[in-house]
Novice: 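I am attaching a structure below and will ask some questions about it afterwards.
All chains are named by letter (A, B, ...) in the order of the sequence lines, taking the proteins before the strands, and each is independently numbered beginning at 1. Computed from heavy atoms alone, side chains included, the values below leave out hydrogens, waters and symmetry copies.
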Protein chains: 2
Amino acid sequence: MEDVARRAGVSRALVSLVMRGSPKVSEQRRAAVLRAAAELGYSPHAMARSLASRTSTVLGVLVSDLHNAFFAEVVDGLDEAASAEGFELIINTGGRSAPRERRAVASLLSFRPAGLALLGPVVPASAIAAAAEQGPVVLVSRSSRLSAVDTVNDDGQTGCGLAVDHLVSLGHTRIVHLDGGGGSQSGTRRRGYLAAMRRHGLPPVVVPSEYTDAAGARAVRELLASGPPPTAIVAANDLNAIGAISALEDAGLRVPEDVSVVGYDNTSLAALRHISLTTVDQPRMEMGRLAGQALLERVRGQRTTPVRHLLEPKLVVRATTAAPSPSTVLDTTGDPA
Amino acid sequence: MEDVARRAGVSRALVSLVMRGSPKVSEQRRAAVLRAAAELGYSPHAMARSLASRTSTVLGVLVSDLHNAFFAEVVDGLDEAASAEGFELIINTGGRSAPRERRAVASLLSFRPAGLALLGPVVPASAIAAAAEQGPVVLVSRSSRLSAVDTVNDDGQTGCGLAVDHLVSLGHTRIVHLDGGGGSQSGTRRRGYLAAMRRHGLPPVVVPSEYTDAAGARAVRELLASGPPPTAIVAANDLNAIGAISALEDAGLRVPEDVSVVGYDNTSLAALRHISLTTVDQPRMEMGRLAGQALLERVRGQRTTPVRHLLEPKLVVRATTAAPSPSTVLDTTGDPA
DNA sequence: TCCAACCAATAGAGCGCTCTAACGATCAAC
DNA sequence: GTTGATCGTTAGAGCGCTCTATTGGTTGGA
């Protein structure tokens, strides 16, 4: 910076003004400074700038698990919102372990970021509260009552309700839910399923499972071993649905002719023609964008009250759901297991 | 820091030594400082530290496209290598556009990172050379002759060779390749296919396609319309293979009974029981880890000569490949289109 | 007893920048 | 011709830390 100033024949302070795009610099000086900077290949040192100005253009992001494509897409949306406003993302992962996550948050905070986005964090609420004292915090796929933090979630309860409604409207009555187990949002989805079944006056059946391909297949095998098959399945998520479908096919049942299957998430998987899964869309990119916007609003001091985004899920009907076949319906009434 | 020093009854310099874990501090003073720091909730300011020490614990990462699960997994591996050594990742995306990528690199460099990882960059080589002057650079999914940059790539040529060898060993002779078009590494894969076919004395057939589900289906429809089907297909990648499979099935051909299909990448897709795709594994996490390690070796000054990782691909045999059925072989010989 | 050697601890400069306050210059107004 | 605004420009302190050089206090050997 010193060198640029000397070369342009001005003071360091003037170089600083030019670099910050200040309007109170005459055109000729500005040009001289920019030329000198270009000739010397100078570009401002972001960290020194941040230190001196006591501001930050960095957003800290904690991803509980980057393996998970869900979060990768949320990060994508976050990145879009951040880079549009000249902010950078500094990313750490927690590996789904609270102690590691804690360290990751501490490490992020040591950079004094303008704000913090926690994606599917597993740390206790107290840790989140502590982080919120250092600056704005936004949570994705996790709720909070703290007024200092914003949240972005999808409404899994409504989403599962949509799935059940769709199946009922096709004529299904024996609809089973594969439960997501310890996975995030599994409780919400289960409640949505139960509420919808009650609303339609149908008997709910919940089979424990997990958010994986293999678990979906296992659950279906257990289900088939325990009695006559249902006519429809509301799976824990897309992966789980795909596992369920393959187990159904292995057992000689056709999808959707014999059994309809609905997934959850609308991952890119679901759209593959070979799978063409009816599923509930969860707008991950959008969730990332909203999280980024919420954070930036706080950073800019435009808002101090918490925001709770609860995204409206949408049903995406593809090829894995259809009306139950008459024979199946007959079977069912003839054999009320 | 001042406050901590005062509270512990020592100088600022001593606090600094304790925070850096220096061995030349007496146990009692160390304890006093740590206690004072804990009481005041003090933690060192990473940017100020970096500025003063003229060192950085940040690695800049440019991801050409975070939408792409491939790169998300590479970032995952990179993160693993970096965080194991106390480094942080600061991430920017380029959106597959050279100008945007250039800006992203400039922005990353303004943080004076210890090193830079460029994942599938599309900027011209000159831009990479310019970045390499500022510090160590590692390239993933892109090659370079610059001695200042390390590279990590998979050996797509060998990989496609493995796929062809596998099919030939099953008895296939009419093996078609769906080409990846403008996608990265598509040329290498095509060359691998052509070389292997030549080696086996078989006539190569390359059908233009792309790295997508829909393109794979389209290519197969065109292929089927133009004459009798091949007995095997080496697809551009997994997604392309899945599209190909669904088009084959739509045409009434069974996989693998009538046509065998091999993918490329071994994405999580391929492992789904419902798909169970024979494919060539490209170790993305490992590539990220290697990239991180290469960068850190340079950062620590342990190496100044370039490293060129060319990862050995592995064939993963699943359920989409089998010996050609006798009837198909007969058909072929009877109708040499 | 004296000095070199060593150790824990510290003073103070400086990393690359921003920002406040002050500066000289220009100009309209009286 | 003086005043007061206004404007472009600058000096210099300071952001939170590290690091070199130095200090004072022990210790061990001659």
Side-chain angles (χ1 to χ4, degrees), chain A residues 1-37 40-58 86 88 106-114 134-135, chain B residues 1-37 40-58 60 86 88 90 106-114 134-135:
Chain A
M1 190 172 186
E2 188 81 56
D3 299 340
V4 174
R6 206 176 0 249
R7 186 171 191 119
V10 299
S11 68
R12 271 171 37 251
L14 213 243
V15 175
S16 171
L17 287 174
V18 171
M19 286 305 164
R20 282 178 286 149
S22 162
K24 36 185 62 181
V25 179
S26 67
E27 268 320 308
Q28 54 180 23
R29 301 270 190 171
R30 179 188 308 280
V33 168
L34 290 176
R35 185 162 6 92
L40 294 173
Y42 167 84
S43 88
H45 189 303
M47 289 193 179
R49 168 176 286 183
S50 160
L51 186 62
S53 64
R54 268 141 289 189
T55 62
S56 170
T57 59
V58 164
E88 313 286 329
S107 168
L108 288 174
L109 286 176
S110 77
F111 283 85
R112 306 292 189 272
Q134 311 278 330
Chain B
M1 190 172 187
E2 189 80 55
D3 299 339
V4 174
R6 206 178 357 253
R7 186 171 192 118
V10 299
S11 69
R12 270 173 37 251
L14 213 245
V15 175
S16 171
L17 287 175
V18 171
M19 287 306 166
R20 282 176 288 150
S22 162
K24 36 185 66 181
V25 178
S26 68
E27 269 319 309
Q28 54 177 25
R29 301 270 188 167
R30 180 188 308 280
V33 168
L34 290 176
R35 182 161 8 92
L40 293 173
Y42 166 84
S43 88
H45 190 303
M47 289 192 179
R49 167 176 286 184
S50 162
L51 187 62
S53 65
R54 267 139 291 186
T55 61
S56 169
T57 59
V58 164
E88 314 286 328
I90 160 163
S107 168
L108 288 173
L109 286 175
S110 77
F111 282 85
R112 306 292 189 270
Q134 313 276 330

Novice: Between the base of C:dT18 and the side chain of A:Arg12, is one N or O donor paired with an acceptor at under 3.5 angstrom?
Specialist: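 Between C:dT18 and A:Arg12, which were checked side chain against base, a qualifying N/O pair under 3.5 Å is present.
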Novice: Check every atom of C:dA11, C:dC19, D:dT18 against the side chain of B:Ser11 and return the nucleotide holding the closest atom.
Specialist: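 Closest nucleotide among those given: C:dA11.
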Novice: Over how many whole Å does the gap from A:Asp3 atom CG to C:dC17 atom P extend?
Specialist: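 Distance, rounded to whole Å: 10 Å.
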Novice: Kindly compute the distance separating CD (B:Gln134) from OG (A:Ser43), expressed to the nearest 0.5 Å.
Specialist: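 The distance works out to 7.0 Å.
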Novice: Using whole Å, report how far CE of A:Met47 lies from C1' of D:dT18.
Specialist: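 Result: 15 Å.
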Novice: How long is the span from the CG atom in A:Leu40 to the CE atom in A:Met1, to the nearest 0.5 Å?
Specialist: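 Rounded to the nearest 0.5 Å, the CG-CE separation comes to 13.0 Å.
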Novice: State which of C:dG14, D:dG8, C:dC17 makes the closest approach to the side chain of B:Ala52.
Specialist: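 Closest nucleotide among those given: C:dG14.
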Novice: Which whole-number value in Å describes the distance from B:Leu51 CG to D:dG14 C1'?
Specialist: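 Those two atoms, CG and C1', are 12 Å apart.
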Novice: With distance as the sole test, does B:Arg29 use its side chain to make a donor-acceptor pair with the main-chain N or O of B:Glu27 at under 3.5 Å?
Specialist: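 Pair absent, no side-chain N/O of B:Arg29 close to backbone of B:Glu27.
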Novice: Where the side chain of B:Leu14 is defined as all heavy atoms beyond and including C-beta, which of C:dA8, D:dT18, C:dA9 is the nearest nucleotide?
Specialist: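 Per side-chain heavy atoms of B:Leu14, the pick is C:dA9.
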Novice: Expressed in angstrom and rounded to an integer, what is the separation of B:Met19 atom CE from D:dG16 atom P?
Specialist: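 One finds 15 Å between P of D:dG16 and CE of B:Met19, rounded.
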Novice: Considering just the side-chain nitrogens and oxygens of B:Arg54, establish if one lies under 4.0 Å of OP1 or OP2 belonging to D:dC17.
Specialist: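 No, outside the criterion.
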Novice: Would you mind reading off the bend of the helix from C:dT1-D:dA30 to C:dC30-D:dG1 from its two end axes, five pairs each, to 10 degrees?
Specialist: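 About 50°, once rounded to a multiple of 10°.
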Novice: How many whole angstroms separate atom CD of A:Glu2 from atom P of D:dG12?
Specialist: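 Atom CD in A:Glu2 sits about 13 Å away from atom P in D:dG12.
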Novice: Please state whether the phosphate of D:dC17, meaning OP1 or OP2, lies under 4.0 angstrom from any side-chain nitrogen or oxygen of B:Ser16.
Specialist: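 Indeed not, no polar side-chain atom of B:Ser16 lies that close.
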Novice: Using 0.5 Å steps for rounding, measure from the CZ atom of A:Arg20 to the CZ atom of A:Arg49.
Specialist: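 One gets 7.5 Å once the value is rounded to the nearest 0.5 Å.
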Novice: Among the nucleotides C:dT18, D:dG16, D:dT9, which one has an atom lying closest to any side-chain atom of A:Val25?
Specialist: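 When the side chain of A:Val25 is considered, D:dT9 is the closest of C:dT18, D:dG16, D:dT9.
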Novice: Rounded to the nearest Å, what distance is computed from the OH atom of residue A:Tyr42 to the P atom of nucleotide C:dG16?
Specialist: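 Spelled out: OH on A:Tyr42 to P on C:dG16 is 10 Å.
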Novice: To the nearest 0.5 Å, how far apart are CE in B:Met47 and OG in B:Ser56?
Specialist: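 Taking CE in B:Met47 and OG in B:Ser56, the distance rounds to 9.5 Å.
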Novice: So which one's nearest nucleotide on DNA chain C is more toward 5', A:Val15 or B:Lys24?
Specialist: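 Taking each residue's closest nucleotide, the earlier one in sequence belongs to B:Lys24.
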Novice: Could you tell me the separation between the CZ atom of A:Arg112 and the P atom of D:dG16, rounded to a whole number of Å?
Specialist: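 It works out to 9 Å between those atoms.
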Novice: Do B:Arg7 and B:Val4 have side chains that get closer than 4.5 Å, going by heavy atoms?
Specialist: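 The answer is no; the side chains never approach within 4.5 Å.
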Novice: Let's see if you can work this out: which of C:dT18, C:dT10, D:dC17 has an atom nearest to the side-chain heavy atoms of B:Arg49?
Specialist: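 The nucleotide sitting nearest to the side chain is D:dC17.
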Novice: When you measure from the side chain of B:Met1, which nucleotide among D:dT18, C:dC15, C:dT18 comes out closest?
Specialist: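 That would be D:dT18.
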Novice: Name every residue in residues 27-37 of chain A that has at least one heavy atom under 4.0 Å from any atom of DNA chain D, in order of residue number, or write none if there are no such residues.
Specialist: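 Only A:Arg29 qualify.
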Novice: Short question: side chain of A:Arg30, backbone of A:Ser22 - any donor-acceptor pair under 3.5 Å?
Specialist: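 At least one qualifying donor-acceptor pair exists.
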Novice: Rounded to the nearest 0.5 Å, what separates atom OG in B:Ser110 from atom CD1 in B:Ile90?
Specialist: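 One gets 7.5 Å once the value is rounded to the nearest 0.5 Å.
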Novice: From the list C:dG16, D:dC17, C:dA9, which nucleotide is the closest neighbour of the side chain of B:Ser26?
Specialist: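 Side chain of B:Ser26 sits closest to C:dA9.
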Novice: Reading DNA chain C from 5' onward, which residue's closest nucleotide shows up sooner: B:Pro23 or B:Ser53?
Specialist: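 Its nearest nucleotide being more 5', the pick is B:Pro23.
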Novice: Do A:Tyr42 and A:Val33 have side chains that get closer than 4.5 Å, going by heavy atoms?
Specialist: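 SC-SC contact between A:Tyr42 and A:Val33 ruled out.
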Novice: Rounded at 0.5 Å granularity, tell me how far CZ in B:Arg112 sits from OG1 in B:Thr55.
Specialist: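 Atom-to-atom, B:Arg112:CZ and B:Thr55:OG1 are 14.0 Å apart.
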Novice: Counting only side-chain heavy atoms from C-beta out, which of D:dT18, C:dG16, D:dA11 sits nearest to A:Ala13?
Specialist: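 Looking only at heavy atoms from C-beta outward on A:Ala13, the closest nucleotide is D:dA11.
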